[in-house]
Each structure stands twice: as C-alpha cells, then as structure tokens.
Amino acid sequence: MTTSMGEFRSRVLDLVARIPVGRVMTYGQLALLAGSAGNARQVGFIMQGLAESELPWQRVINAQGAISTYKVGFGETQRALLEAEGVSFDESGRCDLTRLQWWPDREDEQPALL
DNA sequence: GGTCTGACCAGGG
DNA sequence: ACCCTGGCCAGAC
C-alpha cells in the first residue's frame, strides 16, 4: 500500500485541524499518525506557509516540547498564540508535553476548526 | 542521476 | 542537561 505525498499531506492537515485548544502535537507524531513514520522533516516542510491559513498551525511543536519556528520568523507569534490559549513555557522555552501532547481518540474529539 | 538542505528525532557520550 | 551524530526523505536545484 503506497501512500502518496498528497495523501500524506492531507492527513497531516486533517490531524492539525483537530488539535484541541491548548493542546499540542509534535512533527514526528504527525508523521507517524499520517502514515509515514520517521518522516518528521517532511511535516515541517508541509507546515510551511500555513501561518496564513485557518489551521491551528501554532499547536505543532517539536519533540522536546519547544517551538521550532524561530528560524523561519514565526517563533514569537507562535509562542504568543499558544500562551493566549493557556500553554506555558519554562525558562528553556519548553512546555510540558506529558501534560499537553494530544493523541487523537474517540473520547477526546473536538469540533474541527475548518 | 547527484548533492545539498531542512518548522525533525532518538540515542549516545 | 547539553552537544554531537547519524538517520530520515521529499524538494529544489
């Protein structure tokens, strides 16, 4: 079964759209759940340009619980958006993934934001 | 085809 | 906790 890049991309975006307010997912986690384990870097590429979209792009962070977008110029914006929905960061710029990382399951569904 | 790059990651020292 | 390494793989020359 081959998963085309187009399918991968749309699965990633579907997942991002479902992340509840105040929760986060990581690049690697999205790659895994979208059917391309180990392809975290491609998720980063897919996220390019989503800052102007309606998607909650700010809820995607790296596996250390930190923001990865400073190098692309969106870091401050992302942090502000997350803090505005209740996510707090420690001195080293990390949030508590054990508490905030969201894994899709039937009980914890939220209305899609699309 | 080859080579470089990257909103990444896990593991090891 | 930090830094480094190697792995990852699609895009863009």
Side-chain angles (χ1 to χ4, degrees):
Chain A
M1 156 177 173
T2 61
T3 307
S4 77
M5 260 318 285
E7 292 175 75
F8 178 58
R9 178 188 161 86
S10 66
R11 287 181 194 171
V12 168
L13 298 185
D14 285 348
L15 285 164
V16 171
R18 289 167 52 200
I19 308 174
V21 174
R23 306 294 298 278
V24 296
M25 289 182 81
T26 71
Y27 301 94
Q29 180 192 8
L30 285 165
L32 175 70
L33 296 178
S36 188
N39 208 0
R41 306 193 81 145
Q42 193 59 23
V43 173
F45 184 84
I46 289 169
M47 298 302 290
Q48 283 277 12
L50 262 62
E52 276 87 30
S53 76
E54 299 304 310
L55 289 175
W57 61 274
Q58 73 272 20
R59 298 177 193 148
V60 180
I61 62 178
N62 66 36
Q64 336 307 316
I67 285 170
S68 282
T69 55
Y70 290 102
K71 58 187 78 166
V72 210
F74 285 106
E76 294 302 329
T77 305
Q78 183 171 12
R79 175 163 177 156
L81 286 170
L82 285 174
E83 286 178 331
E85 47 187 73
V87 177
S88 57
F89 295 87
D90 64 20
E91 319 76 40
S92 52
R94 287 184 291 216
C95 68
D96 185 2
L97 271 189
T98 64
R99 211 162 42 91
L100 300 177
Q101 185 170 20
W102 182 71
W103 292 87
D105 63 52
R106 285 175 209 85
E107 326 246 338
D108 200 7
E109 281 297 330
Q110 295 281 115
L113 299 179
L114 275 181

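Residue numbers begin at 1 in each chain, while the letters A, B, ... track the order of the sequences. The basis for the numbers below is simple: all heavy atoms, side chains too, and nothing from hydrogens, waters or symmetry mates.
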(message) Is any side-chain heavy atom of A:Asn62 closer than 4.5 Å to one of A:Ile67?
(response) no

(message) A side-chain contact here means heavy atoms from C-beta on lying under 4.5 Å apart; do A:Leu33 and A:Arg11 qualify?
(response) no

(request) Begin from the C-alpha positions of A:Arg23 and A:Glu85 and carry the test salt bridge (Lys or Arg N to Asp or Glu O under 4.0 Å) through to its verdict. (result) CA-CA 9 Å; A:Arg23 306 294 298 278; A:Glu85 47 187 73; over 6 Å; no

(request) Scan nucleotides 8-13 of chain B nucleotide by nucleotide, 5' to 3', and note B when protein non-hydrogen atoms come under 4.0 Å of the base, S if they reach only the sugar-phosphate, - if neither. (result) BSS---

(request) Could you let me know what B:dG1 is paired to, Watson-Crick or G-U wobble, both distances under 3.5 Å, or none if it's on its own? (result) none

(request) Go ahead and name the base partner of B:dA7; Watson-Crick or wobble counts if both distances stay under 3.5 Å, otherwise write none. (result) none

(request) Rounded to the nearest 0.5 Å, what's the gap from OH on A:Tyr27 to CD1 on A:Ile46? Could you check? (result) 12.0 Å

(message) For the CD1 atom of A:Ile61 and the CD atom of A:Gln29, what is their distance to the nearest 0.5 Å?
(response) 9.5 Å

(request) Grab the CZ-C1' distance between A:Phe45 and C:dG11 for me, whole Å please. (result) 5 Å

(request) Report the distance from atom CZ of A:Arg9 to atom C1' of C:dG11, rounded to the nearest whole Å. (result) 13 Å

(request) Assign A:Met47 to base, sugar-phosphate, or nothing according to its heavy-atom contacts below 4.0 angstrom with the strands shown. (result) base

(message) Under 4.0 Å, heavy atom to any atom of DNA chain C: which of residues 85-100 of chain A qualify?
(response) A:Arg94

(request) Please name the residue in the list A:Arg79, A:Glu76, A:Gln78 that meets the side-chain hydrogen bond (donor to acceptor under 3.5 Å, both in side chains) test with A:Thr69. (result) A:Gln78

(request) Please report the C-alpha distance between A:Phe89 and A:Val87 in whole Å, then the side-chain angles of each, then the deciding distance to 0.1 Å, and finally whether the side-chain contact (heavy atoms from CB on, under 4.5 Å) criterion is met. (result) CA-CA 7 Å; A:Phe89 295 87; A:Val87 177; 3.9 Å; yes

(message) Exactly one of A:Leu55, A:Val72, A:Val60 should register a side-chain contact (heavy atoms from CB on, under 4.5 Å) with A:Met47. Which one does?
(response) A:Val60

